[in-house]
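Every chain is numbered from 1 and lettered A, B, ... according to where its sequence line falls, protein lines coming before strand lines. Computed from a predicted model, the values in this text were never measured in an experiment.
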Number of protein chains: 2
Amino acid sequence: MAPSGQATERQPLHVAISEQLKARIETGAYIPGERLPSEFDLGELFGVSRTTIRKAIGNLIQQGLVTTQRGRGIFVTEPHKISFSMANPLIYFDAVLKQQGYVGRVQSLRFQLISAPGEVARKLELGATSAPVYWQEKIIYADDTPIALDIAYYPEATGAALKEPLQQGFTYSTLVRHGIHLNAARVSLESTPATYELSEYLAVPLGMPLLVFNYVAYQGGGRGAPAKNRQPAVCGKTLSRSDWTCYTAEIEVDAPDLSILAELP
Amino acid sequence: MAPSGQATERQPLHVAISEQLKARIETGAYIPGERLPSEFDLGELFGVSRTTIRKAIGNLIQQGLVTTQRGRGIFVTEPHKISFSMANPLIYFDAVLKQQGYVGRVQSLRFQLISAPGEVARKLELGATSAPVYWQEKIIYADDTPIALDIAYYPEATGAALKEPLQQGFTYSTLVRHGIHLNAARVSLESTPATYELSEYLAVPLGMPLLVFNYVAYQGGGRGAPAKNRQPAVCGKTLSRSDWTCYTAEIEVDAPDLSILAELP
DNA sequence: TAGTGGTCTAGACCACACG
DNA sequence: GTGTGGTCTAGACCACTAC
């Protein structure tokens, strides 16, 4: 192994070291699943204190390149990726997982009646802000890895009628099986760093990027029908580990609006 | 201020402290833009060492709640959000920025002819893997904040003909202005933590979540026309700061495919 | 010049995994 | 018991900002 991680310019030692280790991971000198030398040994190899090594390892963790296990060691991350299509935003999570070779499972953390927060009341088109809604939080597993936390709000009637099945199955599948046919959705996608609470639920380090898939799904109406006939059936968001999930879409545009360009310099 | 940040259970001190500070930020006790007490003062307030305070502040940085400035202090992050619509994935970045009240600007980092990497050759539907393509990297600013890094690949003819304008303007706008009309795109969205290099370009901490918008845009063809007539005009990806950007879509589904449910338990 | 965050050290104790 | 990563301390020096 190279001598000390002497910085070439004014780069901090911990960055120089983490970049060296990163290069070794990316060139395959360390392969996925392999254990790195212990913090103590790395300190000796690079000729720096354990604190500096820990900072360097922290850099790698933040970049998703390694994970640590107390008492066991530092391991190179094994890559995974599950793709969800946004072309049909009414994703049957369980179907997608099965298609891609995983066993999907949910663990319900909470299912209770609450007063709708303002945004939820608006999305579910309830008249009153404090109308009752069912609030569910569940963890979604692919095989035995927690990959997403789903937070969903159901109109009171739906939640009361499907209390049991909703706690045991995936949202869309369960709704459709029980006669609530979904045929439209409004979605958005953003990203957020894991908070302390989320990092515990999803077994990721603090700050790990999460994809936030916000959704409102509607029943009734349909493409031809007037928008008034459609009715929100559920809203919520799915926070998924970005190291395990991505979303794809293929969209054709008919006549791009060029007028918008006229206003630009 | 509260006495020492004594952990209630087995929570590490640095977590207890960062959660206390987080609560103060979220309740408005510290407001956006405000300076927190110095690391030394926080150490005295909570009765812990500066190392522990620095770890706690690091937790807040990873969650995007504060930023630090050497020699100046620790500041509560000011929230921003720019929405891009995926309903039309041919986003005119500059138009969206202007609509939302920002001055958009690009800084070209690189514009050069290279041999197409395998994936690029495939996306641009070039015959040979090593066919020449133009490779551009540019930073996109909203006012004076770098919010995204765009990496684009153009077929040789396009790049050669539009060498100057492509280096000064936004991709889609420039192409359309010069007669290359885009009318289809294939996109996907994922998220990734900022590497050391990206964190410097985008002025974010290492590991900050970035949204990765992958795209291939096509000219010719069109909705009715056969897919063969369409031709890739550009491919690449836009890595945008997740604290500044999100993507939205509204999609109606005609007849959800229920057969997929039959195979599930 | 004083104050701030950034880096780095040397050492201690703890909780957990494994043999 | 031994080795591992997780936490925490006390202190040093540096680079940068602001006055």
Measure the distance from [atom1] on [X] to [atom2] on [N] and round it to the nearest whole Å.
X: A/Ile57; N: D/dT4; atom1: CD1; atom2: C1'; result: 13 Å
X: A/Gln11; N: C/dT7; atom1: CD; atom2: C1'; result: 13 Å
X: B/Tyr196; N: C/dG6; atom1: OH; atom2: C1'; result: 12 Å
X: A/Lys55; N: D/dG6; atom1: NZ; atom2: P; result: 14 Å
X: B/Gln69; N: D/dA18; atom1: CD; atom2: C1'; result: 13 Å
X: B/Ile17; N: D/dC8; atom1: CD1; atom2: C1'; result: 11 Å
X: B/Leu36; N: C/dG5; atom1: CG; atom2: C1'; result: 13 Å
X: A/Ile61; N: D/dG5; atom1: CD1; atom2: P; result: 10 Å

Option from A/Ile140, A/Asp144, A/Asp143, A/Asp94 for which side-chain contact (heavy atoms from CB on, under 4.5 Å) with A/Arg105 holds: A/Asp144
Quick tally for nucleotides 9-19 of chain C: nucleotides whose base has a protein heavy atom under 4.0 Å get B, sugar-phosphate-only ones S, the rest -, giving BB-B--BBSS-
Of the listed nucleotides C/dG6, D/dG6, D/dC8, the one nearest the side chain of B/His14: D/dC8
Nearest of D/dG5, D/dT7, C/dG6 to any side-chain atom of B/Pro12?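 Between D/dG5, D/dT7, C/dG6, the one nearest the side chain of B/Pro12 would be D/dT7.
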With a 4.0 Å cut-off on heavy atoms, is B/Ile74 in touch with a base, just the backbone sugar-phosphate, or nothing at all?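 The residue B/Ile74 makes sugar-phosphate contact but no base contact.
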Would you kindly say whether A/Thr248 and B/Ser188 are connected by a side-chain donor-acceptor distance under 3.5 Å? no
Does the separation of the ring centres of [X] and [Y] fall below 6.0 angstrom?
X: B/Tyr134; Y: B/Tyr153; answer: no
X: B/Phe213; Y: B/Tyr247; answer: yes
X: B/Tyr141; Y: B/Tyr102; answer: no

Is A/Leu13 close to A/Phe46 at the side-chain level, that is, under 4.5 Å between some pair of heavy atoms?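 Result no, sub-4.5 Å side-chain heavy-atom pair not found.
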Does any part of the side chain of B/Val234, heavy atoms only, come nearer than 4.5 Å to the side chain of B/Tyr172, both counted from C-beta?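 Sidechains of B/Val234 and B/Tyr172: in contact.
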